[in-house]
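Read through the structure below, which is laid out as structure tokens, and then see the notes.
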Amino acid sequence: MRIGIPKELHAGEKRVATTPDVAARLIKLGYQVAIEHGAGAAADLGDEVYRAVGVDILPDAASLWQQSDVVLKVRGPAEHTGADEFTLLREGGTLISFLWPAQNPASMEKLAARRATVLAMDSVPRISRAQKADALSSMANIAGYRAVIEAAQHFGRFFTGQVTAAGKVPPAKIFIIGAGVAGLAAIGAANGLGAIVRATDTRPEVGDQIRSLGAEFVPVDYQEEGTGVGGYAKVMSEGYLKAQREMIAKQCKECDVVITTALIPGKPAPTLITAEMVASMQPGSVIVDLAAEQGGNCELTVPGEVVERHGVKIVAYTDLPSRMARQSSQLYATNLLKLIEDMTPGKDGTLVVNMEDEMIRGATVIKEGEITWPPPPPKLSAAQAGAKPAAPPAPPPVKKPLIPKALQPLIVLGGAALALGWLGSVAPPAFMAHFMVFVLACFVGYMVIWNVTPALHTPLMSVTNAISSIIAIGALIQMSAPGFLMTVLAGVALILTAINMFGGFAVTQRMLRMFRRSE
């Protein structure tokens, strides 16, 4: 079978559906691969690099579509001036691309009329096995990173704080709404640039992920579970939304950059930032709206443009992954490759659409002209649906102790007293004197060491310093003892102990400086 990669016709789209190294792996799977002349030029991938790995270069879109059994694209087919990609697709051919079937029913009907088999990369189910083909996450990762770069470009100051001879520059404060793949990528990029990063999300379980990336988690002061199907956020109650608006309004006043990523599958993007919130921000602040293509999270967003309102720049590009075309193409091509590998069980260049495979079934929206979208719900785990939970096991019978707990300490003390009395009756007086000193020393040492307040960066280091202090006191006492050798040994012990003690505090200060950020 032949796989064809046409040039993307959507305005501003620079990505290409495969790269030379991925094309070489498709050829090893047994496929012939062809690409339209100039399809990779916008991603800095010329025809010659494809030709070098065995890819055929076809002169125009019409010949490529007609000669390809499987067509790989980034954006779904559309009608453009001089080219109707729906009619270019072969009868009974296969198309793999982003399609958004819920938002494009007309495209679904046109493709079904061609008796095509269509797999939508935006419909790959979010299950563990399908992560390798999750193109949505790959593109969201790039969009989140690029959002920070765009914010830095439009922001008038450093992101990181600096202390220079010309004065002190405070670090920028960045607030990220939504901590999905795009949000977490934005957190990592902003933190890497030295900004103070805060983030929020309706799903409480992502709080630890936010903190692990070095950002501050800003919760909404309202108790409600916000996790929806497939790990996405869900529509929240009015009470929660009110509390969320109050929290966002406060953060907008305090922060220099706000990046919004909130989307709900199958619905318009929720409006989270109102015109009043924009007006409350400091002049020169920046809002980057990653939900612009679905309407935007900001009330003043103009999709595809950068506008300035109340002295605040609102960046609403809808092509952020395309602005890093080569990297985006590489990741997207790899996602396609992983999907095709699973659909080529014989490694013989024959594509098999196995509807029993949960990943392939979820991505397949049209099978041989029959619309199969939406897919059935994900299979449940081993527990059968509707089965009654097993009754908890009966607790083991509690055995009554032979001796009541209240009497146990008294019995232990009594036994110790009897043992000490017997030892005193048989041991010489000098031994008993030394033994009592030893017991008291153990007790005092235990209280001194284990009750020490951790003042260093680990409790273990604090305990070792406490032990070192006892050694130092002993060395000071022994230095006054008669004998030159004893004085020398005590002095060496004191020097080594002092190095250990002061070194602990020096290491702690160095560790703290690594994590300290000037405000």
Side-chain angles (χ1 to χ4, degrees), residues 141-179 182-201 210-211 213-218 247-262 272-292 296-321 323-324 512-519:
N141 179 29
I142 293 176
Y145 173 85
R146 183 70 188 197
V148 176
I149 303 304
E150 294 293 340
Q153 195 269 329
H154 290 282
F155 188 54
R157 294 193 285 111
F158 294 130
F159 269 16
T160 185
Q162 292 188 2
V163 178
T164 69
K168 181 178 179 181
V169 179
K173 294 180 180 179
I174 298 180
F175 181 51
I176 298 171
I177 303 175
L184 293 175
I187 291 171
N191 195 53
L193 289 175
I196 296 174
V197 187
R198 303 170 184 172
T200 188
D201 197 280
I210 291 172
R211 297 185 190 96
L213 289 173
E216 175 189 351
F217 177 56
V218 184
M247 179 270 292
I248 293 176
K250 178 182 177 182
Q251 294 298 324
C252 286
K253 291 180 182 179
E254 298 178 359
C255 294
D256 305 297
V257 175
V258 178
I259 298 175
T260 69
T261 70
L272 303 177
I273 300 178
T274 63
E276 291 77 14
M277 295 179 191
V278 176
S280 70
M281 297 178 70
Q282 294 293 325
S285 299
V286 177
I287 297 173
V288 182
D289 194 342
L290 291 183
N297 296 137
C298 178
E299 187 178 358
L300 302 179
T301 288
V302 179
E305 298 183 17
V306 178
V307 297
E308 186 168 340
R309 301 288 186 267
H310 307 290
V312 177
K313 290 183 179 179
I314 303 173
V315 181
Y317 294 134
T318 58
D319 60 346
L320 288 176
R323 289 171 178 263
M324 300 180 67
L512 292 175
R513 283 196 297 270
M514 289 174 62
F515 297 100
R516 186 175 293 128
R517 179 180 293 155
S518 59
E519 296 289 340

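Residues Ile314 and Val302 form no side-chain contact, since every pair of their non-hydrogen atoms from C-beta on lies 4.5 Å or further apart. Tyr145 places a side-chain heavy atom less than 4.5 Å from the side chain of Met324. Looking at heavy atoms from C-beta onward, Ile142 lies out of side-chain contact with Leu320 at the 4.5 angstrom threshold. With a 4.5 Å cut-off on side-chain heavy atoms, Phe175 and Lys250 do not count as touching. Looking at heavy atoms from C-beta onward, Phe158 lies out of side-chain contact with Leu193 at the 4.5 angstrom threshold. Residues Val258 and Cys252 meet the side-chain proximity criterion, which asks for heavy atoms closer than 4.5 Å. For the pair Leu300 and Ile287, the minimum side-chain heavy-atom distance is 4.5 Å or more.
With Asn297 contributing its side chain and Ala262 its backbone, the two residues share a donor-acceptor pair below 3.5 Å. The backbone N or O of Pro170 lies less than 3.5 Å from a partner atom in the side chain of Arg157, making a donor-acceptor pair. Using modelled atom types, one side-chain atom of Asp201 and one backbone atom of Ala179 make a donor-acceptor pair closer than 3.5 Å. In terms of modelled atom types and a separation under 3.5 Å, the side chain of Thr301 and the main chain of Ala316 share no donor-acceptor contact. A donor-acceptor pair is defined here as one N or O able to donate and one able to accept, closer than 3.5 Å; such a pair exists between the side chain of Thr200 and the backbone of Val218.
Across all their heavy atoms, Gly194 and Pro171 have their closest contact at O-CB, 3.9 Å.
Legend: residues meeting salt bridge (charged side-chain N to carboxylate O under 4.0 Å, His left out) with Glu254, ordered by chain and number and at least two apart, are Arg198.
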**OP:** Please report the C-alpha distance between Asn191 and Leu213 in whole Å, then the side-chain angles of each, then the deciding distance to 0.1 Å, and finally whether the side chain to side chain contact (heavy atoms under 4.5 Å, CB included) criterion is met.
**Re:** CA-CA 8 Å; Asn191 195 53; Leu213 289 173; 6.0 Å; no
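Between the OG1 atom of Thr318 and the CG atom of Leu290 there is a distance of 11.5 Å, given to the nearest 0.5 Å. Distance CD1/Ile273 to CD/Gln251: 11.0 Å, rounded to 0.5 Å.
When Val306, Ile149, Ile259 are each tested for a side chain to side chain contact (heavy atoms under 4.5 Å, CB included) with Val288, only one passes: Ile259. When each of Gln282, Lys173, Met281 is paired with Cys255, the side chain to side chain contact (heavy atoms under 4.5 Å, CB included) condition holds for Lys173 and for no other.
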